[in-house]
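In what follows, a single structure is set out as structure tokens and then discussed.
The basis for the numbers below is simple: all heavy atoms, side chains too, and nothing from hydrogens, waters or symmetry mates.
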Amino acid sequence: MPIGGDDELESALLQVRALIESTVALHRDRNLQESLITGLDNDYDVVLDQAQQLIEGACRSIDIVHARKLGSDERSERTERELIYDAREGVQVRLLASPAMLDEGYVREQLSRGNPVAIRVARVPPLQALIVDECAALVVADSAVGRRASVIRVPEVLNTLQSLFENVWTRAVPAGERTVFGDRYRASLARQILGALQAGVTDEVAARELTISVRTYRRHVAEIMALLGAQSRFQAGVRAAELGLLPPAGGSGPERGGPLAPS
């Protein structure tokens with residue numbers, strides 16, 4: 001199920017949601033909901049309890065989608081960040097976050113660990129999901145009737161969720177690259193160059209605005225592309241947008257003046 005862009009991703013997630021809802025209804029009719037799909041209470045601590053149980057029971061892999069802001073009633077003394085440390089040693093953990101939900105402190109914390117959580121960033125519609133060993137998933141999503149949280153063990157739904165995760169993961173950008181530009185000056189320069197690429201400014205004009213040579217400007221562009229894992233300037237722009245690295249809309253490319261700190 002290849003995913004080509006935001007529209008396709010949105011459509012795929014809507015299909016997943018529809019599949020989950022239809023499966024819930026089907027198994028309710030067959031009185032099998034308790035064994036294959038378990039609806040959770042609205043108490044968010046119940047959701048965290050279930051997440052902790054799944055994480056502690058994982059043997060091979062834990063895949064997490066973190067792209068939904070918590071509601072005002074979803075507060076707890078515990079945090080999702082803490083739960084992952086209950087995973088067994090050797091379990092592979094991957095976290096896919098939307099730019100708005102990326103926790104830079106958590107990224108830095110993981111980069112300093114010997115067995116870090118692999119974290120990537122992509123534009124993902126609002127969804128929370130925890131997939132364990134490809135055999136069980138905890139999914140939290142908002143719907144017309146409010147928040148719906150379910151533990152799912154239906155193979156068809158799990159296969160769809162895992163396939164969706166893998167496709168988005170392969171084109172997502174490693175979170176560490178968001179701060180890899182280095183110090184404040186280099187981060188500022190990188191963002192101004194990305195702004196120039198976004199605005200379609202020629203290399204000659206951009207280099208002049210940045211008071212550097214065209215050769216140096218093109219070298220910086222090549223370095224940025226390499227850091228973002230991009231094969232083209234267009235792809236670099238797409239990945240920079242996914243990471244929230246581009247200057248605010250309405251910017252006009254390179255600017256002289258104070259440096260821009262990474263967002």
Side-chain angles (χ1 to χ4, degrees), residues 3 9 13 16 44-45 47-70 74-141 149 151-152 158-182 187 227-230 239-245 262-263:
I3 305 293
L9 177 57
L13 281 173
V16 169
Y44 198 63
D45 275 318
V47 175
L48 293 178
D49 286 341
Q50 186 62 63
Q52 184 170 11
Q53 181 178 333
L54 289 172
I55 288 170
E56 290 177 347
C59 297
R60 301 185 309 277
S61 64
I62 299 172
D63 292 329
I64 303 168
V65 178
H66 186 50
R68 172 182 168 274
K69 291 185 178 180
L70 298 182
E74 297 174 302
R75 302 302 177 195
S76 173
E77 294 180 358
R78 296 173 292 171
T79 65
E80 290 87 345
R81 173 193 293 193
E82 297 169 350
L83 297 181
I84 204 63
Y85 296 123
D86 293 327
R88 299 178 188 177
E89 185 176 354
V91 173
Q92 180 191 47
V93 183
R94 297 184 294 179
L95 170 62
L96 184 64
S98 64
M101 298 301 295
L102 183 65
D103 185 332
E104 295 287 1
Y106 189 59
V107 173
R108 289 191 293 271
E109 178 182 322
Q110 290 303 313
L111 290 174
S112 67
R113 291 174 60 85
N115 184 30
V117 172
I119 306 173
R120 294 191 180 185
V121 186
R123 293 199 178 279
V124 185
L127 178 73
Q128 282 177 277
L130 173 69
I131 310 170
V132 173
D133 293 337
E134 301 183 17
C135 63
L138 170 60
V139 178
V140 184
V151 178
I152 299 168
L158 290 171
N159 289 339
T160 302
L161 278 172
Q162 193 68 53
S163 177
L164 176 64
F165 184 94
E166 296 295 344
N167 278 287
V168 178
W169 181 264
T170 57
R171 68 184 183 89
V173 181
E177 292 175 358
R178 189 170 186 180
T179 56
V180 80
F181 292 131
L227 288 171
L228 295 177
R239 295 199 171 186
E242 290 177 342
L243 284 171
L245 288 171
S263 60

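- Take D49 and apply the side-chain contact (heavy atoms from CB on, under 4.5 Å) test, not counting sequence neighbours, and it matches R78.
- In this structure, the side-chain contact (heavy atoms from CB on, under 4.5 Å) partners of D133, at least two apart in sequence or on a different chain, are A58, C59, R60, S61, C135.
- In this structure, the side-chain hydrogen bond (donor to acceptor under 3.5 Å, both in side chains) partners of R68, at least two apart in sequence or on a different chain, are E74, Q128, D142.
- When all heavy atoms of V132 and L54 are compared, the pair lying nearest together is CG1-O, 3.7 Å.
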Inset, instruction - Take I64 and I84 through the test side chain to side chain contact (heavy atoms under 4.5 Å, CB included) and record every step on the way to the result. - result: CA-CA 10 Å; I64 303 168; I84 204 63; 3.8 Å; yes
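- Between A122 and A172, the shortest heavy-atom contact is CB-CB, 3.8 Å.
- Under the side-chain hydrogen bond (donor to acceptor under 3.5 Å, both in side chains) criterion, E109 pairs with R81, Y85, sequence neighbours left out.
- I62 contributes atom CD1, which lies 10.0 Å from atom CD of E56 (distance to the nearest 0.5 angstrom).
- Here the CG-CG distance, from D103 to L95, works out to 9.5 Å after rounding to the nearest 0.5 Å.
- At distances below 3.5 Å, at least one donor-acceptor pair connects side-chain atoms of T170 with backbone N or O atoms of N167.
- Here E134 pairs with nothing under the side-chain hydrogen bond (donor to acceptor under 3.5 Å, both in side chains) rule; sequence neighbours left out.
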Legend entry - Criterion side chain to side chain contact (heavy atoms under 4.5 Å, CB included) on D63 and W169, from CA distance to verdict: CA-CA 10 Å; D63 292 329; W169 181 264; over 6 Å; no
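- Minimum interatomic distance between I55 and D86 (heavy atoms only, all atoms of both residues): CG2-C, 4.1 Å.
- For Q53, there are no side-chain hydrogen bond (donor to acceptor under 3.5 Å, both in side chains) partners two or more places apart in sequence or in a different chain.
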